[in-house]
Every structure is written in C-alpha cells, then in structure tokens.
Amino acid sequence: MKNARKVVALLLLAALTFSLSGCTASYKQDFLQDPNYMSAQASVLIVTPKDGTYGEIYYETSGRDVVEALTKELRKYTTNVAVIPTNVSINDIADEELQGFDYIFIPEILHWEDRLTGWSFRPDRIEVRFDIYNNQRQLTNSINIKGKSANIVWVSKAPKSLLPKPIRLMLRDLFR
C-alpha cells in the first residue's frame with residue numbers, strides 16, 4: 001500500500017512537471033484576406049523561398065525545408081506539384097509555364113530562429129508567408145503561419161519540425 005502511494009505520487013509529480021514545463025509547441029495561421037478556396041486535384045507550382053536568417057545567422061537549407069514540407073502536404077490533395085528551385089517573383093515566371101498550373105505558391109520566410117531549446121530554454125520560432133496566385137498572376141490568398149517550440153524540450157529539433165502542422169492546417173482550410 002505504501003509503495004502504491006509512492007508510485008502514484010511520482011506519477012503525479014511527473015505529470016505536473018511536464019505540464020508546467022511547456023512541453024508543447026504552438027501554432028498560428030492568419031489569412032491576410034478572406035480565403036479563396038482551392039479546387040481538389042489542382043495543379044500547383046511552388047517557388048523556393050530565400051533561406052531564412054536570424055540576426056547574423058543564415059539557415060542555408062530553410063528555403064528547401066519549406067518547399068519539402070509544403071510539397072509533402074500538398075500531395076495529399078494533388079499529385080501535380082512542381083517546384084522552381086530558385087526564388088523568383090510571380091512576374092519572372094514565363095506565361096507558358098504559368099499556364100500549366102492552377103496555383104502558384106510563393107513562400108517567404110519572415111522569421112527562422114533555431115535557439116537550441118534543449119539547452120537554452122528559449123523556443124525555436126518560424127514565420128512563413130504564403131502568397132498564392134492563380135495562373136493569371138492574380139493574388140488569390142495570402143497566409144502567414146507561425147510556429148513556436150516549447151520553452152523546454154528534452155530533445156532539440158530543428159525549426160523545420162515546426163512546419164508540417166501549420167502547413168497541414170492551412171491547406172485543410174484552403175481545400176475545403
């Protein structure tokens with residue numbers, strides 16, 4: 001009986017520690033205009049954004065990380081996804097190329113911060129803006145997603161681990 005109480009007390013203490021340590025990431029998305037819903041099985045072109053920075057730190061794979069996370073989630077809605085491997089504006093894409101797609105995603109990394117949370121107790125943070133155009137170069141959607149890791153984590157992850165969930169939620173809302 002005495003050992004059972006100790007086990008229960010330890011379990012309660014562990015649960016309290018986890019709940020107070022902020023062990024969950026948080027996410028937010030903001031549609032910067034009323035959302036225009038996208039049709040299922042649409043063809044999508046993704047432009048690779050410039051890599052993110054934080055102060056003097058340059059995260060050389062962050063643009064590719066955004067494209068990989070977006071491509072993976074988009075493939076749940078369509079198999080016709082192509083990527084431009086460099087950063088270009090909507091006006092720099094040839095008319096002939098645009099006509100092969102229904103939507104063009106042009107992401108921009110607004111914030112990318114890897115704080116090595118496991119050691120520093122400061123959260124990783126990301127913010128990415130997705131401007132979505134139709135093949136007539138008209139802006140149809142503009143969405144900001146934000147992600148923030150927990151303040152205390154037991155295993156540090158890269159900021160790219162904050163991308164899948166808000167991208168998944170964004171696409172779910174766009175492809176209703």
Side-chain angles (χ1 to χ4, degrees), residues 22-54 57-90 93 97-98 100-117 122-135 137-151 153 155-176:
C23 291
T24 59
S26 61
Y27 305 98
K28 183 178 180 186
Q29 76 175 15
D30 294 314
F31 280 83
L32 302 177
Q33 61 189 49
D34 289 334
N36 291 302
Y37 301 111
M38 299 170 66
S39 61
Q41 298 304 314
S43 56
V44 177
L45 178 63
I46 303 170
V47 174
T48 302
K50 290 181 183 175
D51 289 323
T53 60
Y54 178 67
I57 303 169
Y58 175 76
Y59 296 99
E60 72 178 79
T61 63
S62 56
R64 189 173 59 236
D65 293 338
V66 169
V67 169
E68 287 173 2
L70 180 58
T71 300
K72 180 179 179 184
E73 294 301 324
L74 271 169
R75 291 204 188 277
K76 295 176 182 175
Y77 298 95
T78 180
T79 57
N80 191 2
V81 178
V83 175
I84 296 176
T86 58
N87 184 264
V88 296
S89 75
I90 189 68
I93 302 171
E97 188 170 12
L98 280 179
F101 298 95
D102 298 310
Y103 301 104
I104 298 84
F105 278 70
I106 301 184
E108 178 184 2
I109 298 173
L110 302 174
H111 191 91
W112 196 275
E113 182 178 356
D114 187 355
R115 299 300 290 223
L116 300 172
T117 306
R122 294 182 186 161
D124 294 342
R125 297 175 194 264
I126 59 153
E127 182 176 359
V128 181
R129 178 179 171 158
F130 294 91
D131 288 336
I132 305 168
Y133 294 85
N134 63 19
N135 60 12
R137 291 182 169 61
Q138 297 166 325
L139 183 66
T140 61
N141 285 295
S142 190
I143 304 118
N144 270 13
I145 64 165
K146 295 179 182 181
K148 178 181 137 185
S149 70
N151 291 331
V153 296
V155 177
S156 288
K157 296 182 179 178
K160 71 180 182 179
S161 68
L162 297 170
L163 290 169
K165 186 171 183 178
I167 288 175
R168 186 176 314 120
L169 295 172
M170 173 186 73
L171 293 177
R172 184 198 66 201
D173 289 346
L174 288 172
F175 282 96
R176 287 189 173 192

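As the structure is a computational prediction, the values presented were derived from the model and not from experiment.
In this view, Y54 and Y59, H111, E113, R115 satisfy the side-chain contact (heavy atoms from CB on, under 4.5 Å) rule, not counting sequence neighbours. D65 pairs by the side-chain contact (heavy atoms from CB on, under 4.5 Å) definition with T61, E68, W112, K160, L163, not counting sequence neighbours. Y103 meets the ring-ring contact (aromatic ring centres under 6.0 Å, His included) test with no other residue; sequence neighbours excluded. By the salt bridge (charged side-chain N to carboxylate O under 4.0 Å, His left out) test, D131 is found to be paired with R129, residues two or more places apart in sequence or in another chain being considered. Listed by chain and residue number, I84, V88 satisfy the side-chain contact (heavy atoms from CB on, under 4.5 Å) test with T86 (two or more places apart in sequence, or in another chain).
Considering all non-hydrogen atoms of both residues, N87 and K50 come closest at ND2-N, 3.5 Å.
Atom CZ of F31 and atom CG of N144 lie 11.0 Å apart (nearest 0.5 Å). Atom OG of S62 and atom CD1 of I126 lie 10.5 Å apart (nearest 0.5 Å). The line from OG1 of T140 to OH of Y37 is 12.5 Å long, rounded to the nearest 0.5 Å. Between the CG atom of D173 and the CE atom of M38 there is a distance of 12.5 Å, given to the nearest 0.5 Å.
I132 pairs in a side-chain contact (heavy atoms from CB on, under 4.5 Å) with only one of the listed residues (L139, I106, L174), which is L174.
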Check: Could you go step by step and tell me if L98 and I90 meet the side chain to side chain contact (heavy atoms under 4.5 Å, CB included) rule?
Finding: CA-CA 9 Å; L98 280 179; I90 189 68; 4.1 Å; yes
Next item on the list: Would you please test F175 and L74 for side chain to side chain contact (heavy atoms under 4.5 Å, CB included) and show each step?
Entry: CA-CA 10 Å; F175 282 96; L74 271 169; 3.9 Å; yes
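The list of side-chain hydrogen bond (donor to acceptor under 3.5 Å, both in side chains) pairs with a residue in residues 75-85, not counting sequence neighbours, reads E73-K76.
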